Amino acid sequence: MAVTPVAPARPAPRVADPDRRRRRRSATSRRHLTFVLLAGPNIALILAFIYFPLASNVYYSLLDWRLGARTADVVGLANYVELFTSSRGFDVWRVTLIFTLATVVGSMVLGLLVALVLDRNLPGKTFARTAVFAPYVLSGVGVGLIWLFIFDPRIGLLGHVLRALGQSSPNWFIDPTLALVMVIVVYVWKNLGYCAVVYLAGLQSIPKDLLEAAQLDGAGPVRQLFSVKLPLLGPTVFFLSVTCILSSMQAFDILRIMTPTGNGTNTIIFEIFLQSFGAYQRAGYSAALAVVLFVVLFVVTAVQLRYVERKVHYR
Amino acid sequence: MSSNARPILTAALAAATVAVLAACGPATGSSGSADSAAEAVDFSGVEPATEITFWSNHPGGSIELEKELIAGFEEETGISVELVTAGANYEEVAQKFQTAQTSGDVGDLVVLSDATWFPAYLNGSILPLDDVLEAADVDTSTYQDTLLGDYLYEDDHYAVPYARSTPLFYYNKDHYAAAGLEDRAPETWEEAKEFSAAIATAVPAATPFGYPAEDQYPAWTMSNLVWGFGGGWSEDWDLATVSDENTVAALEFAQASVDDGWAEVASGDPATAFSSGSVSQVIASTGSLSGILDSATFEVGTGFLPGGPETSDGVVPTGGAGVAVASASEPERQLAAAMFAAYLTNAENTAFFSAGTGYLPVQKDADMSAVYAEAPQFEVAVEQLERTRSQDFARVFLPGGDLEIAKSLQAILTQDADVAGTLETLQASLQTNYDRDLKDDLETE
């Protein structure tokens, strides 16, 4: 026997109430208007001063444009090709990678050690915390000038100390490898206070009962550090790694003051300066560098936010 | 919004964005960015404007001197001049001037250095001055010929000399006396080597001779050495000169001086190293003279730059800055700016400026007797003007040229790099920059 399928019964359509619909529409309009009034000025500012320059920069990166020239040639992706295929471009990436890795790892490791010391109940700890954090809020230009004096092989403090120990001072400013080491040391010194303070906040938020329990189980300070504190500092380490990578890749002031021509210290941000406003006046190529830097930073942040943040919480 | 309308709206928005971006940026063309040579202006019947702006970095800490000169000009002509600090150095002024071109809000008269005026010329941002100077009744024959000639390109002058300098040979008289040397600078580089060997023995704590580091414009002062050997950084736009046998010989001589221990690259400003007594002889700017005399605790000697085995004539490179008139200004303002440029650099005022800063007088008949009475060493700098020569194009006109030459010099002097190989690589790099950044512009003129 054939069975005729029966369609399920549909609920009867509700009869629309025109007044109710009008009231709802009016409420929606009011909400939209309020949104535009409150958020509009901010959105306009963000569009004008962030997204418009960003889009302009992408457009300029497709041009062969000398800074200040009224005309330019459209060259497509040639500027990007040059960045990724020239030996100079390769060197810029090499220096950027070394500088970023060294400063991020240096600041975070030393910052953790300093934070562990500051976390102890020592006399004068408030002063010590202030002193450690102070370099972070100093002007990079001022810091660079002070360290220029310290590293000066003729009249610098470091040179005097080395000579007192019977050693001669290396020429930090002239040897490109030493120049890179020098700016890394200064940048780590300036930023480790920031890492230390953030770590300290993380350390102080660790529940005391966990540490006491570990202590009762016989865990010494080292075991407590690796088995309790560091796992619980996961979100802090994640936060610091993101902010330190972002700031290291954009570091400029100290590099410019201590090595004015980028001798051994030509990171991508320094190259952007040199190519556009410095010696070369190549606004188009420099814009391409800036776009690539933006994409790199965007990807680093996005990857870390999406895949790393989930795994950093201790359970 | 219907689903059909959305892609159309998106495409329209994208097209509008591209249109807005293109409208805000430079005009795009198909054959080079040939803006060069701003069009000449007919100044007949043009009356000078009543106010202008002057963009300066106040070279040599000259802000008060510039204010005083402006006051004199305003009193004499009734034209008011707004002095604008457009940067801390020549490069910053040039950056601001170039980036301001898009808005058109630029200074009417601007300080541009020997290395920054040419990009402004290429962009058509500065006016050829001969017509406007003629309209302002300015006699240009009274300027020091080489200093004015530095701004000559394709039969037009694009600036007049203002804060000009040359390198000068400085020596420590105490060290010379200890080494039993005559009280005079070496006349040739071979003699400099002999003098340095004597100093090395007599004053072992000091470095006999200091070369400038990469960030101290070594390609400027070391032009003297390579010119003396018959080489150079370029011959007009022929870049082969930078790696020819004469340039190689000059830089092998320099490298040997470091290897032999009588010279080294000084960290930081060579003038500071010299005035501290740690270096016995340097070649530094005439603009450093007053600073050296103030800070040195020994008697300072100055002399002409040494000659080389090929020549001792024309081995002194000129340097410093001039003043240029913006092509974006209205003709009335351009005329007033030219009048002010002429006033700034006339015989009386260049002597006044020179006395206050240490820059060279740019007029042949400037009365410098008061300056000489106070600092006799300065007279050498002025006498040396007879031996000056305009700089090689590769250093001052080619974007990035100065820096790339400086990096090669530092590699040769501090990393014992092979001289011939380094200079060949440098030539290739300069050629790439020329072909990419200038060739089309210069060929379309």
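In what follows, chains are A, B, ... by sequence order, proteins preceding strands, each numbered from 1. Model, not experiment: these values are computed from the prediction.
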Q. Would you say the side chain of A:Asp175 lies within less than 4.5 Å of the side chain of B:Thr414, judging by non-hydrogen atoms?
A. no
Q.
When you compare the side chain of A:Thr71 with that of B:Pro26, does any pair of heavy atoms fall below 4.5 Å?
A. no
**Q.** Side chain, backbone, both or neither of B:Glu92 within contact of chain A (heavy atoms, under 4.5 Å)
**A.** neither
Q.
If you compare all heavy atoms of B:Ser267 against all heavy atoms of A:Phe173, which two are closest, and at what distance to 0.1 Å?
A. OG-CD1, 3.7 Å
Q. Within a radius of less than 6.0 Å around OH of A:Tyr51, do more than 12 heavy atoms belonging to other residues, nucleotides or ligands occur?
A. no
Q: List the steps, then state whether side-chain contact (heavy atoms from CB on, under 4.5 Å) holds for A:Tyr285 with B:Arg436.
A: CA-CA 12 Å; A:Tyr285 180 65; B:Arg436 184 189 60 214; over 6 Å; no
**Q.** Any donor-acceptor pair under 3.5 Å from B:Asp215 side chain to A:Thr259 backbone
**A.** no
Q. For A:Leu63, is it the side chain, the backbone, both or neither that has a heavy atom under 4.5 Å from a heavy atom of chain B?
A. side chain
Q) Are any of the side-chain heavy atoms of B:Glu214 and A:Pro260 separated by less than 4.5 Å? A) no
Q) Rounded to the nearest 0.5 Å, what separation is found between the OH atom of A:Tyr280 and the CG atom of B:Asp437? A) 9.5 Å
Q | Spacing of CZ belonging to B:Phe97 relative to CG belonging to A:Leu67, to within rounding of 0.5 Å | A | 12.0 Å
Q. Side chain, backbone, both or neither: which part of B:Ser276 has a heavy atom under 4.5 Å from chain A?
A. side chain
Q: Side chain from CB out, backbone as N, CA, C, O: work out which of these in B:Gln101 comes under 4.5 Å of a heavy atom of chain A, or both, or neither.
A: side chain
**Q.** Residue part contacting chain B, namely of A:Leu148, when any heavy atom lies under 4.5 Å
**A.** neither
**Q.** Winner by heavy-atom pair count (cut-off under 4.5 Å) against chain B, out of A:Gln275, A:Arg282, A:Gln281, A:Arg88
**A.** A:Arg282
Q.
Any non-hydrogen side-chain atom of B:Lys96 less than 4.5 Å from a side-chain atom of A:Phe277?
A. no
Q. For atom CZ of B:Phe298, is the number of surrounding heavy atoms from other residues, nucleotides or ligands below 6.0 Å larger than 12?
A. yes
Q. Taking all atoms of both residues into account, what is the closest heavy-atom pair of A:Arg70 and B:Ser327, and its distance?
A. NH2-OG, 3.7 Å
Q: Mind running salt bridge (charged side-chain N to carboxylate O under 4.0 Å, His left out) on A:Arg66 and B:Asp441 for me, showing each step along the way?
A: CA-CA 11 Å; A:Arg66 186 175 49 243; B:Asp441 290 352; 2.5 Å; yes
Q: Could you tell me whether B:Tyr217 atom OH has more than 12 heavy atoms of other residues or ligands within 6.0 Å of it?
A: no
Q | From B:Gln415 atom CD to A:Ile174 atom CD1, the distance as rounded to the nearest 0.5 Å | A | 10.0 Å
Q | Residue pair A:Gly68 / B:Asn123: nearest heavy atoms and the distance that separates them | A | C-ND2, 3.5 Å
Q. Are any non-hydrogen side-chain atoms of A:Leu274 and B:Leu403 less than 4.5 angstrom apart?
A. yes
**Q.** Heavy-atom proximity to chain A below 4.5 Å, by part of B:Ala120
**A.** neither
(Q) How about CZ on A:Phe35, more than 12 heavy atoms from neighbouring residues, nucleotides or ligands closer than 6.0 Å, or not? (A) no
Q) Does the side chain of B:Gln410 reach to within under 4.5 Å of the side chain of A:Asn263, using non-hydrogen atoms? A) yes
Q: Taking the side chain as every heavy atom from C-beta outward, state whether A:Arg154 and B:Ser278 have any atom pair closer than 4.5 Å.
A: yes
